[in-house]
Amino acid sequence: MEPVFGEGDASFRAAGGEAGIRRLVDAFYDEMTRRPEAVLIRAMHPADLRVARDKLARFLCGWLGGPPRYREAYGPIAIPAAHAHLRVDGAERDAWLACMRVAVDAQPYTVAFRRYLLEQLAIPAERVRVASVAAREGTDRER
Ligand code: HEM
């Protein structure tokens, strides 16, 4: 029977556990470094991506129902608020998701899990955009 993604650690296991998630995140940041339309979002990151890779991989472990590796190392996090200082509009959100699509497609995942994962990632990606716009509108009002 197909696992029900989102239940227990089914998604974490489908993603290949911690090692699989690290491979996904490496492919994601490799694509961000390569892809012309991702230049803007790559430039928001430090030159050295080691910490960014570690943070995203740890976050995804817990987010996919596995162990809470991000919190263990870095404490609590709210994804929209953690990005509110960045300028993320539709183009930046789409570039982020495009890198994820390439990374997901490079993994040995089933078609069903690929589709599920990309649909789920689009939700926080859109929240990041909304938080970024709201933070800028708040700044405008204070002027
Ligand atoms: C929508 C487009 C997105 C862009 C452009 C973006 C960009 C960034 C950047 C530039 C950083 C480093 C921030 C810094 O060093 O100040 C970062 C951190 C991070 N991002 Fe994103 N991100 C996006 C969406 C997401 C999504 C959807 C997730 C989760 C599913 C995510 C998870 C993380 C995590 C866990 C960190 C580390 C945060 C911290 O420890 O402060 N990001 N992101």
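Counting starts at 1 for both ligands and their atoms, in listed order. Each residue takes its place number in the sequence, starting with 1.
If you number the atoms of ligand 1 from 1 as listed, the ones under 4.0 Å from a heavy atom of Leu86 come out as 7 (C), 8 (C), 9 (C), 10 (C). In the vicinity of Phe59, heavy-atom distances shorter than 4.0 Å reach the ligand 1 atoms 29 (C), 30 (C), 35 (C).
Which of Tyr74, Trp96, Tyr70 comes nearest to atom 24 (C) of ligand 1 through a heavy atom is settled by distance: it is Trp96. Proximity annotation for atom 18 (C) of ligand 1: of Gln120, His83, Lys55, Arg58, His83 comes nearest, heavy atoms only.
By the 4.0 Å heavy-atom criterion, Arg129 is excluded from the residues contacting ligand 1. Distances from ligand 1 to the non-hydrogen atoms of Ala125 include at least one value under 4.0 Å. Put simply, no part of Trp63 is less than 4.0 Å from ligand 1, judged by heavy atoms. Contact between His85 and ligand 1 is present, with at least one heavy atom of the residue lying under 4.0 Å from the ligand.
Checking only distances, Glu92 never comes within under 3.5 Å of ligand 1, N or O to N or O.
With respect to the salt-bridge test (charged N to carboxylate O, under 4.0 angstrom), the residues Glu18 and Arg69 qualify. Ion pairing between a basic and an acidic side chain is recognised when a charged N comes within 4.0 Å of a carboxylate O; Glu126 and Arg93 show such pairing.
In this structure, Lys55 fails the cation-pi test against Tyr70, since its NZ or CZ atom is not both closer than 6.0 Å to the six-membered ring centre and inside 45 degrees of the ring normal.
More than 12 heavy atoms of other residues, nucleotides or ligands shown are found within 6.0 angstrom of CZ on Arg35.
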